[in-house]
Amino acid sequence: MEKLNRARGLLRAPRGLCRPLGASAALQQIPRAKSENAKSEGTFQVTMLPGDGVGPELMHAVKEVFKAASVPVVFDEHHLSEVQNMASEEKLDEVVDSMKESKVAIIGKIHTPMEYKGELASYDMRLRRKLDLFANVVHVKSLPGYKTRHNNLDLVIIREQTEGEYSSLEHESAKGVIECLKIITRAKSQRIAKFAFDYATKKGRSKVTAVHKANIMKLGDGLFLQCCEEVAELYPKIKFDTMIIDNCCMQLVQNPYQFDVLVMPNLYGNIIDNLAAGLVGGAGVVPGESYSAEYAVFEMGARHPFAQAVGRNIANPTAMLLSASNMLRHLNLEFHSNLISDAVKKVIKVGKVRTRDLGGYCTTSDFVKSVIDNLHPHYGA
């Protein structure tokens, strides 16, 4: 209990530090200046974590496309993996030190083994907590040229990812009885709610839906819902709605067009990210990003290591390339960002080069080559 009380104490931020940071504040505070250690003037340093599964192959695709597009970015590459025995407190600190310098990272999925080895918090979670990456944003948008059951989808899922069910607070209270604690705090609920409404305002969105299970978890989800309702009153131009998580899953499958921006606690966001990604083509096509007041991390929207595809050259690099494009836009490299995203979308729209997950027979290398060809029609000729 002493450990539990100590953990609870850490969740209570000092009164002066509880002011919620919204999307505009969080994004505006992230330094966009060039790194002092960049290899040349006008070059940006970015921290890279390839991760597990097909992560290294996808990062190779990003490097190839960046090279072909002459993107002024230098990667500071680090390897952090629990399954490859490349995870330690020292390596984690090295990644954090790199992030303190670059402020921006692109990462693959850091796989978390299911076996309990004395530490409840995974290195992935510990990294996100050290950087206070409280807001995960996944923009689920249909890709022109690739038809699914629901076409022309355009919705955003915003997930609080530093507490909730992923608080890593579990213990055996009696033999055969495990208690797993879900932590919901007013400060972090207000912060993510304000982030969602600021995001909607900045991006010209008209509606925010708070997803919850307050009918059952009356205190925990009840507090989250209450905070969302309080913040909503400060944004009269944004329509506010609420929906219970189980109904939300059904509505996303039946009529996803009713949604615009959705905001929710940790576990619900993890589930909805994956469900929504499936509506537009799967984990291989949806980019994602995570923000704190200082840092921005770009990744895949639905985090899967796709371990069964390792070394087979069949992984779809679309999500990682689009995420890399979003990263460049964040760095104010608009030209390079549009160059890459337009090339990726053109390859998919034409439909001649598609990986297996999209019903084609092409390899990762084929897809990357096609993207590069669309960056520069005569590249390599």
Side-chain angles (χ1 to χ4, degrees), residues 23 134-142 148-167 180 182-186 188-201 203 205-233 235 238-283 285-291 300-304 319:
F134 69 91
N136 177 242
V137 181
V138 175
H139 187 181
V140 179
K141 190 172 183 179
S142 297
T148 57
R149 181 180 294 274
H150 301 289
N151 296 303
N152 302 313
L153 284 183
D154 187 358
L155 57 96
V156 177
I157 300 157
I158 296 178
R159 161 192 178 193
E160 205 296 321
Q161 62 175 6
T162 59
E163 59 174 14
E165 298 83 358
Y166 295 4
S167 299
C180 179
K182 170 178 176 172
I183 307 298
I184 299 289
T185 62
R186 174 173 290 277
K188 292 190 175 183
S189 296
Q190 286 179 334
R191 180 169 68 167
I192 197 65
K194 191 173 189 304
F195 184 101
F197 278 93
D198 281 346
Y199 182 96
T201 302
K203 301 293 185 180
R205 300 270 174 169
S206 60
K207 178 182 175 183
V208 172
T209 301
V211 181
H212 64 94
K213 191 65 177 174
N215 58 323
I216 301 299
M217 285 169 274
K218 302 181 189 298
L219 297 181
D221 279 25
L223 176 59
F224 177 83
L225 185 58
Q226 180 186 342
C227 290
C228 289
E229 290 170 343
E230 291 170 357
V231 171
E233 293 178 2
Y235 298 80
I238 304 292
K239 184 179 178 182
F240 177 64
D241 192 13
T242 67
M243 189 171 289
I244 294 174
I245 178 62
D246 37 345
N247 184 34
C248 179
C249 291
M250 181 178 70
Q251 294 297 328
L252 274 168
V253 173
Q254 286 189 325
N255 178 26
Y257 302 101
Q258 65 186 286
F259 297 108
D260 193 353
V261 175
L262 300 93
V263 61
M264 61 201 76
N266 212 333
L267 177 61
Y268 308 156
N270 196 351
I271 295 169
I272 296 297
D273 283 347
N274 284 265
L275 189 157
L279 297 177
V280 295
V285 299
V286 179
E289 53 222 53
S290 295
Y291 293 104
M300 295 176 69
R303 301 168 188 161
H304 290 283

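Below, all heavy atoms of this structure are taken into account, side chains as well, without hydrogens, waters or symmetry copies. Quick note: residue numbers are just sequence positions, from 1.
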CA sep, side-chain torsions, deciding dist, call: Phe259, Leu153, side-chain contact (heavy atoms from CB on, under 4.5 Å): CA-CA 9 Å; Phe259 297 108; Leu153 284 183; over 6 Å; no
Measure the spacing between [atom1] of [X] and [atom2] of [Y] and express it to the nearest 0.5 Å.
X	Y	atom1	atom2	value
Lys239	Thr209	NZ	OG1	8.5 Å
Lys182	Glu165	NZ	CD	4.0 Å
Glu160	Gln190	CD	CD	12.5 Å
Asn266	Ile271	CG	CD1	10.5 Å
Asn270	Leu275	CG	CG	11.5 Å
Tyr291	Tyr199	OH	OH	7.5 Å

[Y] side chain reached by [X] side chain, heavy atoms, under 4.5 Å:
X	Y	result
Ile244	His212	yes
Val261	Phe197	no
Ile192	Glu163	no
Cys228	Thr242	no
Ile245	Ile272	yes
Leu155	Leu252	yes
Gln161	Tyr166	no
Cys249	Val253	no

Nearest non-hydrogen partners of [X] and [Y], listed with the distance:
X	Y	answer
Cys248	Leu262	SG-CD2, 3.8 Å
Ala210	Leu225	CB-CD1, 4.3 Å
Pro287	Ala319	CB-O, 3.7 Å
Gly301	Val138	O-CG2, 3.7 Å
Ser290	Asn136	OG-ND2, 3.2 Å
Leu223	Ile184	CD2-O, 3.8 Å

Tyr257-Asn152 side chain donor-acceptor pair, cut-off 3.5 Å: no
Would Asp154 and His139 count as having a side-chain donor-acceptor pair, cut-off 3.5 Å? yes
Any donor-acceptor pair under 3.5 Å linking the side chain of Thr148 with the backbone of Leu279? yes
With a sphere of 6.0 Å drawn around NZ of Lys207, does it hold more than 12 non-hydrogen atoms of other residues, nucleotides or ligands? yes
Scan residues 244-262 for pairs that pass salt bridge (Lys or Arg N to Asp or Glu O under 4.0 Å), counting only residues two or more places apart or in two chains. Arg205-Asp260, Lys213-Asp246
Under a 4.0 Å threshold between the charged nitrogen and the carboxylate oxygen, would Glu230 count as salt-bridged to Arg186? yes
